[in-house]
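Notes for the one structure printed next.
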Amino acid sequence: MDKFVINGGCRLHGDVQVSGAKNSALPIMAASLLADGPCTISSLPDLRDVRTMANLLGQLGCEVSSTGEGKVQIVTADESSSHAKYDLVRQMRASICVLGPLLAKRRQARVAMPGGCAIGSRPVDLHLRGISALGAHVELDGGDIVASADKLKGAEIFLGGPFGSTVLGTANVMMAATLAEGQTVIESAACEPEIADLAEFLKSIGAKISGAGTPRIVIEGVDGLAGAEHVVIPDRIEAGTFMIAAAATNGQVKLSNVRMDHMVAVTDKLRQIGVNVEADNGAVSASSARRLTPIDATTQPYPGFPTDLQAQLIVLLCLADGNSVVTEKIHPDRFMHVSELLRMGANIRKEGPTAIVTGVNALVGAPVMASDLRASAALVIAGLIARGRTTISRVYHIDRGYERIEKKLRALGAEIDRVSD
Ligand code: EPU
């Protein structure tokens with residue numbers, strides 16, 4: 001297992017290119033199961049999760065071939081197996097998004113039930129309610145979700161849950177509805193840019209969808225879908241992570257391939273803290289004022305502040321001049337990074353889904369353990385600002401969602417090395 005060894009104290013300086021969005025790429029790759037022709041997807045990030053999805057599609061009879069840097073072609077060669085097995089699903093919860101396409105295209109799907117993970121229990125009841133409303137028969141068998149339908153029929157479906165809508169649930173129902181008979185209306189749909197990007201891909205292969213990116217999505221079912229080419233949107237979470245890293249190290253970083261319209265809540269919070277964020281023609285630079293102001297922040301569904309940047313934000317707030325209050329409204333148990341940050345000298349008190357962060361003069365390097373993707377990114381930022389050496393073990397978590405993060409950081413001046421045990 002690899003570790004990162006970081007010598008803290010460098011200010012990040014320079015330019016970095018943001019990769020394509022993982023959380024867009026995964027459902028779009030799954031959606032190619034719906035197509036009768038070849039689908040070419042570009043600006044795919046080179047990540048472990050993307051490779052897992054490619055393996056899963058291979059298990060489901062697709063030929064996935066790389067056609068150049070960040071570009072793959074997906075062709076369905078054999079529709080005889082519709083079983084997404086536990087060995088791959090347990091590696092990546094996003095495997096659940098093959099459920100809707102398999103059901104719509106092959107009329108049956110057997111997908112291992114994803115378990116919980118380090119960020120909480122993460123049920124899939126809304127996904128199942130959604131496909132049931134389209135007429136699928138759904139049961140659990142041996143730890144698998146087994147869904148079948150002779151014919152899916154459009155319906156009105158409400159996808160609101162106790163923590164807001166569901167991103168991959170919206171993706172699943174939207175994908176299933178593309179080939180259903182008649183009209184489907186999804187109310188309380190997730191509004192994330194990744195849903196809008198998936199809808200753009202689906203429209204390019206012939207689906208009839210309107211309203212994606214708003215809480216009401218309308219899908220008119222069609223008889224069949226063709227192949228197409230699609231470019232994945234930039235990763236707003238990677239962009240936010242680098243902006244926070246720049247600010248935390250008191251550096252100055254210019255990011256390219258950023259959609260500022262996807263970053264409004266993030267830039268708003270960063271500016272409140274005292275980070276200078278300047279956008280210019282597809283690029284954005286982030287640099288920090290010497291004094292950081294404490295803030296209150298609550299994670300919310302898009303367009304609110306994203307849960308996937310909560311851990312990184314907490315690290316930045318460790319350097320602010322006073323008490324900040326960060327409340328997690330999407331994954332209330334997503335605070336595994338807090339106990340590791342305490343080992344580095346942070347002053348954070350947790351009360352239920354809220355972290356009260358009191359700024360300290362400095363963090364100090366320590367051996368810490370990555371527990372999930374975004375917590376790992378937070379620990380990397382903590383290591384960059386800490387005095388002395390930080391060793392982060394289990395960095396396979398970060399490889400799931402950040403393309404060559406140590407190379408990108410080294411190019412910005414960070415002292416970070418990957419070492420094998
Ligand atoms: N929920 C339910 N029932 C469901 C589905 C979700 O109660 O059937 C709850 C969840 O437990 C959670 C909330 O609803 O409290 C939102 O979950 P959602 O379904 O939206 O999460 P997801 O679609 O499984 C995606 C991202 C996550 C991101 C969340 C929220 C992908 C591959 N994953 O997950 O990203 O945190 O949306 O924005 O798109 C990450 O990239 O590190 C990551 C975890």
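Counting starts at 1 for both ligands and their atoms, in listed order. In this text the structure is predicted, and so the values were computed from the model without any measurement.
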For this session: Check if K22 has a non-hydrogen atom at a distance under 4.0 Å from any atom of ligand 1.
Result: yes
Problem set entry | Verdict with reasoning, H337 to Q310, per side chain to side chain donor-acceptor pair (under 3.5 Å) | CA-CA 10 Å; H337 41 286; Q310 176 255 108; 2.8 Å; yes
For this session: Verify the distance criterion only: is there a donor paired with an acceptor across the side chains of Q272 and D268 at less than 3.5 Å?
Result: yes
For this session: Could you check if a side-chain atom of L317 sits within less than 4.5 angstrom of a side-chain atom of I273, using non-hydrogen atoms only?
Result: yes
Problem set entry | Heavy-atom nearest neighbour in the protein, as seen from atom 9 (C) of ligand 1, with distance rounded to 0.1 Å | F163 CD1, 4.2 Å
Exercise. Atom 44 (C) of ligand 1: which of H331, R334, E194, R93 has the nearest heavy atom?
Worked result: R334
Exercise. Does V146 offer a backbone N or O that forms a donor-acceptor pair with the side chain of D144 under 3.5 Å?
Worked result: no
Exercise. Can you find a side-chain donor-acceptor pair between K105 and S82 that sits under 3.5 Å?
Worked result: no
Exercise. Does any N or O atom in V167 lie less than 3.5 angstrom from one in ligand 1, N or O only?
Worked result: yes
Exercise. Side chain of E238, backbone of S19: donor and acceptor closer than 3.5 Å?
Worked result: yes
For this session: Answer yes or no for G161: is there a heavy-atom contact with ligand 1 below 4.0 Å?
Result: no
Exercise. In terms of atom number and element, which parts of ligand 1 are under 4.0 angstrom from non-hydrogen atoms of L373?
Worked result: 42 (O)
Problem set entry | Residue part near ligand 1, for T166, under 4.0 Å between non-hydrogen atoms | both
Exercise. Distance only, no hydrogens: is a donor on one side chain within 3.5 Å (strictly under) of an acceptor on the other, for T307 and R334?
Worked result: yes
For this session: Give yes or no for whether the N/O distance cutoff of 3.5 Å, strictly under, is met between L126 and ligand 1.
Result: yes
Exercise. What atoms of ligand 1 come within less than 4.0 Å of a heavy atom belonging to H127?
Worked result: 8 (O)
For this session: May I ask whether P123 has any heavy atom positioned less than 4.0 angstrom from an atom of ligand 1?
Result: yes
Problem set entry | Residue pair V167, N23: steps toward the side-chain contact (heavy atoms from CB on, under 4.5 Å) verdict | CA-CA 9 Å; V167 179; N23 290 348; over 6 Å; no
Problem set entry | N-O pairing of R122 and D333 below 4.0 Å | no
Problem set entry | Identity and distance of the protein heavy atom lying nearest atom 24 (O) of ligand 1 | R122 NH2, 3.1 Å
For this session: Identify the protein heavy atom lying closest to atom 3 (N) of ligand 1, giving its residue, its atom name and the separation to 0.1 Å.
Result: D125 OD1, 2.7 Å
Exercise. Which is closest to atom 33 (N) of ligand 1 in terms of heavy atoms, D372, V124, L159, N23?
Worked result: N23
For this session: Answer side chain, backbone, both or neither: which part of I330 comes under 4.0 Å from ligand 1, heavy atoms only.
Result: both
Exercise. Are D2 and R394 close enough, and set up right, to give a salt bridge (charged side-chain N to carboxylate O under 4.0 Å, His left out), and what steps lead you there?
Worked result: CA-CA 6 Å; D2 291 354; R394 301 197 177 172; over 6 Å; no
Exercise. Can D15 and K254 be counted as an ion pair, charged N to O under 4.0 angstrom?
Worked result: no
For this session: Answer side chain, backbone, both or neither: which part of R374 comes under 4.0 Å from ligand 1, heavy atoms only.
Result: side chain
Exercise. Between the candidates L168, T170, L128, which shows the shortest non-hydrogen contact distance to atom 23 (O) of ligand 1?
Worked result: L168
Problem set entry | Heavy-atom nearest neighbour in the protein, as seen from atom 38 (O) of ligand 1, with distance rounded to 0.1 Å | T307 CG2, 3.9 Å
Seminar exercise, completed: Judged by heavy atoms only, the candidate from A25, S165, P306 nearest atom 14 (O) of ligand 1 is S165
Problem set entry | For A94, the ligand 1 atoms whose distance to one of its heavy atoms is below 4.0 Å | 32 (C)
Exercise. Can an N or O of D308 be found at a distance shorter than 3.5 Å from an N or O of ligand 1?
Worked result: yes
Exercise. For residues E229 and T40, is any side-chain donor paired with an opposing acceptor at under 3.5 Å?
Worked result: no
